[in-house]
Amino acid sequence: MTNENQELKKAGLKVTLPRVKILQILEGSEGSHLSADDVYRKLLDQGEDVGLATVYRVLTQFESAGLVMRHHFEAGTAVFEIAQEEHHDHMICLDTGTVIEFFDPIIEQRQKEIAAEHGYEIEDHNLILYVKPKA
Ligand SMILES: [Zn+2]
């Protein structure tokens, strides 16, 4: 059984060809953040006959199953990446659209402290820095 098949089963999803193909695409582009359209185009390049509606549906199922994370770096566009064990945040270059992943223990710690000061603990967070190359 392939890795993808095992992961789908572990996530409680039935193994179907579109699911396996889409999971392969997301895993084959680790560190990248793909829109449903990007995934759809990669499937077309591979000669796979999977409709855009199916791509959307599968990505939503993957998100619910905890296999992928959905981000909204730009209003109106969702991008997806494989869920990783290690948490990271994102920086988006406004000039080029480049996505940079980063992790900063001091930021993480401060966020916990700030939530605690308000009587809360963090369930989840999503930090996005919108940046421009230094002049
Ligand atoms: Zn990321």
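Here the structure is a predicted model, which means the values were calculated and not measured. Counting convention: from 1, in listed order, for ligands and their atoms alike.
- A salt bridge links Arg41 with Asp37: the distance from a Lys NZ or Arg NE/NH1/NH2 to an Asp or Glu carboxylate oxygen falls below 4.0 Å.
- Checked by atom type, the side-chain pair Glu113/His118 shows no donor-acceptor distance below 3.5 Å.
- Smallest separation of non-hydrogen atoms from His33 and Asp38: O-OD2, 4.3 Å.
- Rounded to 10 degrees, the NE2-metal-NE2 angle spanning His90 and His88 at the Zn ion (ligand 1) equals 90°.
- Angle NE2 (His33) to the Zn ion (ligand 1) to OE2 (Glu81): 100°, rounded to 10°.
- No hydrogens or angles considered: a donor-acceptor pair under 3.5 Å links the side chains of His125 and Asp89.
- When the N, O or S atoms of Glu101 are ranked by distance to the Zn ion (ligand 1), OE2 comes first.
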